[in-house]
Amino acid sequence: MKNKQYITVFGATGKIGSELIQLLSQAEIPVIAVTRNKDKAVHLPFVEWMEADMNDRDSLNPTMVNCKGVFLISGASENMVQEQCNVIDVAAEEGVSHIVKVSSAMANSQSPLFIGKAHGQIEEYLVASGVTGTVLRPTGFMQNWLLGLASTVKSQRKIYEATGDGKRAYIDLRDIAESAFKILTEPDKHACHAYLLTGSEVVNYNQLAAMITEVIGEQVSYVPISAETAKEQLEQRGMPAWAIETFLSYAEDQRNHKAAHVSKDVPDILQKPARTVDAFIHEYAEKFK
Ligand SMILES: NC(=O)c1ccc[n+]([C@@H]2O[C@H](COP(=O)([O-])OP(=O)(O)OC[C@H]3O[C@@H](n4cnc5c(N)ncnc54)[C@H](OP(=O)(O)O)[C@@H]3O)[C@@H](O)[C@H]2O)c1
C-alpha cells in the first residue's frame with residue numbers, strides 16, 4: 001500500500017464532485033481531480049488536477065497510479081456504461097482498493113429505461129471487477145430545481161411538472177458528497193454496500209410551491225401538466241429521446257405514488273439528519289425571487 005495515498009475524483013468539476021473535492025481538501029487528503037478540460041479547474045489545497053477522458057482508456061492510468069480510492073461519476077450520456085467500465089478496468093489494473101460509484105435509485109440492469117439500465121450494468125461490472133465497491137443510489141436532486149423550475153417561478157410564479165400530487169424524497173446533493181467523503185475515508189465500514197440516498201421527507205409540488213411562497217413572500221402555484229406536454233417541452237429543449245423516456249417514467253412513478261420512499265441511509269452514514277427542503281429553499285431563496 002506504500003505510495004497509495006491519493007483519492008481520485010472523477011467528475012471533479014460536476015455538481016457532486018466539486019463539493020467532494022472541497023471536503024477532501026479541507027481534511028488535507030491528497031486528491032487527483034479529473035476533468036476533460038483543465039480550464040475548469042478550481043484551485044484548492046491538496047488537490048492536483050489531471051486531464052483525462054473516460055472514453056480514452058489510456059488517458060486514465062496516470063490518474064490512478066498512486067491511488068487508494070476512486071470516486072466514480074459521469075454525466076448521463078449515451079456512452080456512460082463504456083466510460084465508467086473503462087475507469088473500473090484501469091482501477092483494477094492500477095491496484096486501487098476501493099471505488100465509490102454514484103448510481104441511481106432506479107438502477108436495474110433489466111430496466112427498459114436507458115439510465116436505470118446503464119447504472120445497473122455498471123454496478124454489476126463493478127461487483128465482477130474484483131475491486132471493492134460501494135454504490136450510492138440517490139433519488140432526484142433538490143439542485144435540479146435551480147434550473148427550469150426556478151426560472152418559471154421567477155418569471156411567472158408557477159411550477160409546471162408532470163408528477164400530479166405524487167411525492168418524492170428529493171435529496172440535497174451535498175448529502176451525497178458528504179456520504180461519499182465518509183465512505184472514501186472509512187472504506188472498510190462501507191465495503192460492498194449499496195445505499196439508497198434520499199432526503200428526510202417526501203414532498204409534492206403543491207407543498208414545494210407553498211414553501212417557496214412562504215420564503216419569497218409572493219404567491220407561487222403548481223400547475224400539473226400532462227406527460228404529453230412534458231414530452232413536448234423536453235423535446236423543444238433538445239433532450240435526447242432516451243433521456244426523455246427515463247425522465248417521463250420517473251414522473252409517472254411519482255404521479256402514481258410509487259416514489260414516496262424515505263431511506264435512513266443518509267442519517268446512518270452521516271450520523272445526522274439529511275438536509276431538508278425548507279432549509280434548501282431558504283438558502284437558495286434569491287434564485288426563486
Ligand atoms: N440529477 C439527478 O436528479 C440525479 C439523480 C440520481 C442520479 N443521478 C446521476 O448522477 C450522475 C451525475 O449527473 P449530473 O448531471 O449531476 O453530473 P454533472 O454535475 O454534470 O457532472 C458530470 C461530471 O462528469 C465528468 N465527465 C463526464 N463525461 C466525462 C468523460 N468522458 N471523461 C471524464 N469526465 C467526464 C464531467 O467533467 P468535465 O466536463 O470537467 O470533463 C463532470 O464533472 C449521473 O450518473 C446521473 O445519472 C442524477
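Atoms within a ligand are numbered from 1 in the order they appear, just like the ligands themselves. Just so it is clear, the structure is predicted and the values come from calculations on it, not from any experiment.
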Can you tell which part of [X] has a heavy atom less than 4.0 Å from ligand 1: side chain, backbone, both or neither?
X      : answer
Glu83  : side chain
Ala105 : neither
Ile16  : neither

May I ask you to check if ligand 1 and [X] share an N or O to N or O distance below 3.5 Å?
X      : answer
Met80  : no
Ser74  : yes
Val102 : no
Gly14  : yes

So which heavy atom on Thr246 is nearest to which on Ile115, and how close? OG1-N, 3.6 Å

side-chain contact (heavy atoms from CB on, under 4.5 Å) partners of Glu186, counting only residues at least two apart: Lys182, Lys189, His190

Can you sort out the partners of Gln233 under side-chain contact (heavy atoms from CB on, under 4.5 Å), two or more places apart, ordered by chain and number? Ile225, Thr229

Among [options], whose heavy atom sits nearest [atom]?
atom                    : options                     : result
atom 47 (O) of ligand 1 : His119, Gln82, Lys15, Lys40 : His119
atom 31 (N) of ligand 1 : Leu147, Asp53, Val87        : Asp53
atom 28 (N) of ligand 1 : Arg36, Met54, Met142        : Arg36

Which of the numbered atoms in ligand 1 are below 4.0 angstrom from a heavy atom of Thr35? 38 (P), 40 (O), 41 (O)

At less than 4.0 angstrom from any non-hydrogen atom of Ala52, what atoms of ligand 1 do you find? 33 (C)

Just one of Glu201, Glu283, Glu178 clears the salt bridge (Lys or Arg N to Asp or Glu O under 4.0 Å) bar with Arg275, so which one? Glu178

